[in-house]
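Here the structure comes first, spelled out in structure tokens, and everything after it is commentary.
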Amino acid sequence: MAVKYGIPTDPDYTERLAEFEARIQRGEKIEPGDWMPEEYRRQLIRMISQHAHSEVVGMLPEGAWITRAPTLKRKMILIAKVQDEAGHGQYLYHAAETLGVSREAMLEALLSGKAKYSSIFNYPTLTWADIGTIGWLVDGAAIKNQTMLAACSYGPYSRAMVRICAEETFHHKQGKEMVLLYAKGTPKQRQMAQDAINRWWWPALMMMGPHDADSPNTEILTRWGIKTKSNDTVRQEFINEHAPEILEAGLTLPDPDLRYDPQSGNWIHGPINWDEFWQVVKGNGPMNKERLAARRKAHQEGAWVREALEAYAAKQQKTALAV
Amino acid sequence: MDTQWPRWEVFKQDTPHKPHQAVGSVHAADPQHALLTARNIFARRPQAVSMWVVRADDIFSRTKEELAADPVNMESEKTAALRPYVVFRKTSHRRSMTFVDYVGEVSARSPEEALKQARAKFTDVEALAWWIVPADRLTKSDPSNETIESWFAPAKEKTYKQQQYYATVGSHVSKHKTGREDTDEA
Amino acid sequence: MRHEIKQALIAKLTALADDEVILSHRNSEWTGHGPILEEDIALANIAQDELGHATVWFGLRKELDGSDPDQLAFFRDAGEYRSAELLELPKGDWAFTMLRQFLFDLYETLWLEAAKHSSYQPLADAANKILREERFHLQHTYAWVERLGLGTEESNRRLQEALEFQWGYAQQLFVPTPGEDLLVAEGMVPDLGAIKAQWLEHSSKHLQNSGLKLPINPGYQPTSRTHHTEHLWSILAEMQSTARWDTEAKVW
């Protein structure tokens with residue numbers, strides 16, 4: 001299959017680009033093999049692989065609590081949730097691979113520190129209530145993002161997102177169920193839940209990315225149907241849904257400026273500490289080094305396993321040919 | 001050292017009455033491992049009764065857009081033997097979890113010839129993308145009842161992975177304004 | 001039901017459940033740290049299934065003595081657990097985990113196939129249900145033993161080392177629990193001696209076909225489920241930590 005990624009110096013670029021953008025306007029999906037600008041491909045590889053890395057790294061903060069889950073049911077549910085996250089990473093690596101990049105190359109970029117992943121996972125999980133809070137807030141934010149991306153123009157990414165959206169709702173709900181329970185539970189449970197909300201609220205808001213004014217990629221991503229809502233829009237939707245629910249649960253939010261504006265129907269939030277955000281993105285968050293170290297270790301220690309599988313397959317093929 | 005091993009595209013059949021559909025891919029080194037892995041990745045939730053895997057390299061694919069830009073060159077080699085090819089097709093831009101669906105088989109001497117025949121044979125709906133696969137390159141899950149019971153049926157009981165299992169409702173702003181209690185849906 | 005039968009059944013069900021709880025725990029330690037993303041997912045499936053099986057066995061015990069499964073799992077001390085020592089061993093490397101899983105899955109599959117015919121209907125039904133999932137587990141781990149055994153020199157060596165370590169421990173799976181002879185007489189559970197013979201035959205064959213040598217001297221073979229490895233205390237300390245942290249809590 002000939003690879004057709006257009007660059008501006010191609011003689012037919014302008015014409016092709018116009019038709020490409022028209023297809024997107026018509027609501028058509030761009031599939032592997034279709035003409036696309038190299039820039040479209042580049043942006044998608046960046047976004048999809050980062051999304052994939054986020055899922056896989058995201059297994060670690062929650063995975064750490066599987067061994068300490070307090071009931072058989074909660075343990076089973078948490079294993080299923082973390083398993084889903086691995087699965088989501090898997091779907092996303094697949095989608096990126098359709099653009100001609102190998103999983104090995106993407107992993108190399110992650111492990112060397114070149115590729116990014118969602119900085120929310122650079123925060124530590126300190127109590128069992130963090131698990132419920134992550135399900136409610138972090139997956140809640142992820143769902144907003146994913147629902148938007150399910151409409152994206154690139155077929156494989158859209159399909160991965162539709163599958164992920166279907167699976168993610170249970171993550172959100174089980175988290176919410178847990179926090180609501182603890183908020184009405186014993187004094188220790190209530191305090192644990194409140195402490196978790198206090199620590200995760202702001203990082204969750206930052207998940208939706210910098211303010212629109214500070215987001216350089218938005219314009220082209222919007223034109224090419226990759227991103228259909230701005231960061232601030234998604235963030236506002238998230239707050240409007242979650243703030244009243246958390247307050248109704250009898251918990252407070254660590255934002256003294258938070259107030260409901262009846263005119264707009266929006267919950268107005270206080271200033272976000274973007275310094276913290278950029279520090280964490282740059283690699284100076286509480287868990288950055290540990291997360292990457294864990295992934296590197298898993299990858300390195302797994303090398304002999306992957307080699308064994310290859311060697312076995314090679315021997316099988318040889319035997320098959322010899323017959 | 002690059003220990004990347006082949007990619008296998010996976011097809012899942014939800015019920016005996018539906019066609020096999022392309023759901024994604026897995027990395028595995030051999031066909032049996034690819035099938036086992038495909039089940040773990042794509043049959044975590046119902047429904048499924050059958051799965052097929054094929055090496056990504058064995059798929060001859062063309063989108064409608066590709067065909068328009070570059071019609072398939074059809075110099076069929078009369079010396080090549082006729083083989084069965086399995087045909088998959090995408091027919092809608094509608095949002096979906098799956099890509100191409102199984103539509104049938106043709107007999108041809110090359111993937112290009114198979115595609116030509118497929119386009120002539122399956123004309124009920126416009127095709128947006130085609131996948132042509134030599135039939136002998138497909139590895140299929142065992143169709144016996146025992147396998148279906150052990151590979152695919154257990155997922156139905158894992159209701160804790162379904163969102164309906166969790167009895168919470170989203171609270172609306174209006175609910176908050178009227179000061180009503182957050183009640184769990186029974 | 002006669003008192004001795006009931007007690008014997010409770011002991012057996014507890015052993016079955018404890019095996020699943022501890023093994024699932026060890027398997028779940030791999031989540032996020034597996035050698036390949038797809039295998040993380042595969043082992044997480046096995047771990048989930050095992051917890052489901054533990055719930056089934058504890059459920060059967062609850063029908064007999066009203067005990068609460070979470071109370072049993074999270075508030076019994078190591079001395080009260082009845083898990084087999086094989087399952088308490090640390091997860092080791094991938095070869096260690098896959099070999100242990102294969103030895104256990106094979107035993108469980110053979111046992112369940114026989115237990116389907118139990119004269120105690122709840123047990124027969126449970127066995128039927130669990131067997132479906134076990135069959136898939138066994139296919140998976142069977143495939144892994146073959147691939148690691150016949151893969152590279154290194155993978156073969158690691159698998160052989162795992163076998164040397166585990167073979168003696170594995171024999172404990174066939175040691176009856178207190179009163180089990182009564183249950184066998186009633187036709188409620190299969191005779192472990194018969195299961196062991198099948199297990200020895202099938203495991204030896206597959207291990208040898210996979211390029212491994214059976215240990216000549218199996219070494220330490222535990223004889224009672226009241227004895228445990230050093231590891232169990234630490235496993236439970238971690239596993240039970242959240243539940244025990246707030247004993248007032250009624251729901252989690």
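For clarity, every value in this text was computed on a predicted model and none was experimentally measured. To find a chain, count down the sequence lines: A is the first, B the second, and so on, and within it residues start at 1.
- Looking at N45(C), both its backbone and its side chain come within 4.5 Å of chain A, counting heavy atoms on both sides.
- Residues Y117(A) and H51(A) place their aromatic rings such that the two centres sit no closer than 6.0 Å.
- Only the side chain of L309(A) comes within less than 4.5 Å of a heavy atom in chain C; its backbone stays farther off.
- Note on S155(C), S24(C), G34(C): by heavy-atom pairs under 4.5 Å with chain A, the leading option is S155(C).
- In terms of heavy-atom pairs under 4.5 angstrom with chain C, the leader among G87(A), A86(A), G302(A) is A86(A).
- Neither the backbone nor the side chain of A54(C) comes within contact range of chain A; no heavy atoms are under 4.5 Å apart.
- Interface summary for chain A: among R158(C), H33(C), E154(C), Q240(C), the most heavy-atom pairs under 4.5 angstrom belong to R158(C).
- Listed options E38(C), E153(C), K250(C), M98(C) were ranked by heavy-atom pairs under 4.5 angstrom with chain A; first place goes to E38(C).
- With a 4.5 Å cut-off on non-hydrogen atoms, A69(A) touches chain C through its backbone but not through its side chain.
- Of all the listed residues (G185(A), A294(A), A308(A)), the one sharing the greatest number of non-hydrogen pairs under 4.5 Å with chain C is A308(A).
- Two rings, from Y142(C) and H206(C), have their centers less than 6.0 Å apart.
- Counting all heavy atoms, side chain and backbone alike, F121(A) lies closest to M287(A) at O-CB, 4.5 Å.
- Looking only at atom types and distance, the side chain of R82(C) has no donor-acceptor partner in the side chain of T14(C) under 3.5 Å away.
- Contacts between K315(A) and chain C at a heavy-atom distance below 4.5 Å involve the side chain alone, from C-beta outward.
- In this model, a donor atom of one side chain and an acceptor atom of the other lie less than 3.5 Å apart for Q101(C) and E50(C).
- Between chain C and the options E301(A), K75(A), M178(A), K73(A), heavy-atom pairs under 4.5 Å are most frequent for K75(A).
- Residues A47(C) and S28(C) approach most closely at CB-N, 4.3 Å, considering heavy atoms.
- A salt bridge (charged side-chain N to carboxylate O under 4.0 Å, His left out) with D19(C) holds for exactly one of K12(C), R225(C), R26(C), R100(C); it is R225(C).
- A distance of 6.0 Å or more separates the ring centres of W304(A) and W94(C).
- Of the two parts of W245(C), the backbone and the side chain both hold a non-hydrogen atom closer than 4.5 Å to a non-hydrogen atom of chain A.
- In this structure, chain C has a heavy atom under 4.5 Å from the side chain of L181(A), while its backbone stays farther away.
- With ring centers used as reference points, Y93(A) lies under 6.0 Å from H53(A).
- For the set I41(C), I36(C), T31(C), the count of heavy-atom pairs under 4.5 angstrom toward chain A peaks at I41(C).
- Among the candidates L150(C), L37(C), L43(C), the residue making the largest number of heavy-atom pairs closer than 4.5 Å to chain A is L37(C).
- The aromatic ring centres of H88(A) and H171(A) sit less than 6.0 Å apart.
- Proximity to chain C involves both the backbone and the side chain of R68(A), based on heavy atoms less than 4.5 angstrom apart.
- Neither the backbone nor the side chain of R244(C) comes within less than 4.5 Å of any heavy atom of chain A.
- For E146(C), the parts lying near chain A are the backbone and the side chain together; criterion is any non-hydrogen pair under 4.5 Å.
- In this model, no donor atom of one side chain and acceptor atom of the other lie less than 3.5 Å apart for T152(C) and E307(A).
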